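Worksheet: the structure to be examined is printed underneath.
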Amino acid sequence: MLELKDICWSTPQGREVLSGISLSIRESGLIVMTGPNGGGKTTLAKIIAGIEKPDSGRILLDGEDITGLSVTERARRGISYAFQQPVRFKGLTVRDLLCLASGRELSETEICALLSKVGLCARDYEDRDVDASLSGGEIKRIEIATVLARGSRISIFDEPEAGIDLWSFSGLIEAFEEIRKSRRGIEIIISHQERILSVADRIIVIEDGRVKEDGGRDAVLSHLLSLSRCPSCPSRREEA
Amino acid sequence: MNADTAEILKIVSDWKDSFCGAYSIRENGKGIERRSTEHVHIEPKKDRPGLDITVDDGTKGETMYIPACVTHGGVDDLVYNDFHIGDGVDVTIVAGCGVHTENGESARHNGIHRFFIGNGSRVRYEEKHIGLGGNGRRSIDPVTEVILGHDSVMEMDSVQIRGVTSTHRTTRATVGDGSSFIVHERILTALDERAVTDFVVDMNGTGSSVDLVSRSVARDESHQSFHSVIRGNARCTGHSECDAIITEKGTVSATPQLDANDIDASLIHEAAIGRIAGEQLLKLCTLGLTEEEAEERIIQGFLR
Ligand SMILES: Nc1ncnc2c1ncn2[C@@H]1O[C@H](COP(=O)(O)OP(=O)(O)OP(=O)(O)O)[C@@H](O)[C@H]1O
Ligand SMILES: [Mg+2]
């Protein structure tokens, strides 16, 4: 179980981005986190992964306070994060990265299975460097594959659909569904995509650094849709 | 051959207790074993230390080995090797060098290698350098001169693996019509080691090209400096790239120079020097590596 207690975070310039986020994620299943651009979703994911430290608040994993733990220690306790903007490396190949992610040498068949989950053919990609030569969609898929390779208890995907073409989208959703069905752990997807929202078990809306809504898919979705039908939509945020 | 030579050969030239193909092994300033093949002729020079290596026209698929080993201090080895490569050739030349010191005395290997490459030929030149042992300065100062005819390719792959106290590498190339000079260099320095690498390439031929990629890692208090001059004297394309990672108190200086002396010369240089990007370390940490492991892994890949 993952618990966030009153998490606050400000930018180095002092602007408050997260203003007291509390969440409790007990169940295994698919949680989709959504909300307007700049609302604080990526920041929250980074705080869970340990990449950013909160100014105040606590993070508990199965009751253990992990707020002070490093990225490595959290990774070893089963937290994985697929970056919104994947990192590129001169000199690490797709194979290298997948082996590092899974913590052991992978066989040809295993690499192939992982890459096919994200719609890539191992033959074409395993020996390629994860550098600037990969296209935006390709590197995004590889980023997702590194998290799939870890098979962690908590997997966070930050806008996995961004840059992925229409044709591969269904395959990607299947991969997420597979994790959900396996009931292996908690899967958090940050997304703006209705197709992804529609397969969620639970939807959390983060807006202006706060939890705006949090509930079962149908309840939150129908509410979100009714808001987007509001004619004064563009000025909604000012009114709020 | 002594045991240190055997160890060096394993590291720098794929030695498996023998070589397949033509070879010459140099140990502490003397040629100790040598073999020619039907189309690759290796002969000692008459007027000075070194070899004349002649590869006949049309020789394809052969690999030859010209490693040099210095296994103790007090040696200052200077050797002149000339490679005469015919037309329509496709060969690989493996020329590693290792210097071993133990007792505090310094040792040096200075190999002056000249390549005269004919037309329509392809040469892959592999050069691995390593310093081994304990006390004592270990220097390797290679000079490589390349003259490419037309429609030929010289691919130079050089690595300084570790342990070389001081190196000064000089590379000169003249590239003819439709020919390419390709360099992939990786240098690791640590402790108080120094490395200077210095390229001058003249693209004289129409449609000639050069692609020079240098990657360096300077750790501890080591220093590296990179100089390159690429001159486009005809319609040609030149690309150089110098990437360096520094750690601790390592320093790197890069001075790339591009001279476009022809309206159709197209020259590009890219350089990036700095510590390992924080986000690269973070990404590997999210995969469960410690920061130290992540750094090692990134450097290892970078220098591959
Ligand atoms: N290191 C930083 N320095 C300055 N501002 C930052 C920093 N990190 C995040 N921010 C700001 O914090 C806010 C929240 O950013 P965050 O990336 O968490 O948003 P998001 O909800 O993921 O948005 P999107 O949907 O666009 O991905 C933004 O206004 C962003 O500019
Ligand atoms: Mg984001």
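Within every chain, numbering begins at 1; the chains are lettered A, B, ... in the order of the sequence lines, protein sequences first and strands thereafter. Note that this is a predicted model, so its numbers are computed, not measured.
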* Asked: What closest approach, in Å, do A:Ala75 and B:Cys285 show between heavy atoms, and which atom pair accounts for it?
  -> CB-O, 3.4 Å
* Structure fact -> Within residues 289-304 of chain B, the residues sitting under 4.5 Å from chain A by heavy atom, in sequence order, are B:Leu289, B:Thr290, B:Glu291, B:Glu293, B:Arg297, B:Ile298, B:Gly301, B:Phe302, B:Arg304
* Asked: Are more than 12 heavy atoms from other residues, nucleotides or ligands located less than 6.0 Å from atom CZ of B:Arg122?
  -> no
* Do A:Leu97 and B:Leu287 touch side chain to side chain, with heavy atoms closer than 4.5 Å? -> yes
* Asked: Has B:Arg172 got more than 12 heavy atoms of other residues, nucleotides or ligands less than 6.0 Å from its CZ?
  -> yes
* Asked: Quick one: which residues of residues 80-88 of chain A reach chain B at under 4.5 angstrom, heavy atoms only?
  -> A:Tyr81, A:Phe83, A:Val87, A:Arg88
* Structure fact -> Scanning both residues in full, the closest heavy-atom pair of B:Gly288 with A:Thr72 reads O-CG2, 3.5 Å
* To do: Against chain B, label A:Ser102 side chain, backbone, both or neither, depending on which of its atoms sit under 4.5 Å from a heavy atom there.
  => neither
* To do: Give a yes or no on whether A:Arg202 atom CZ has more than 12 heavy-atom contacts from other residues, nucleotides or ligands under 6.0 Å away.
  => yes
* Selection residues 221-232 of chain B - residue pairs positive for salt bridge (Lys or Arg N to Asp or Glu O under 4.0 Å), sequence neighbours left out -> B:Asp202-B:Arg231, B:Arg231-B:Asp259
* **Close side-chain approach of B:Gln280 to A:Leu92, heavy-atom, < 4.5 Å** => no
* salt bridge (Lys or Arg N to Asp or Glu O under 4.0 Å) with A:Lys117: which residues, sequence neighbours excluded? -> A:Glu178
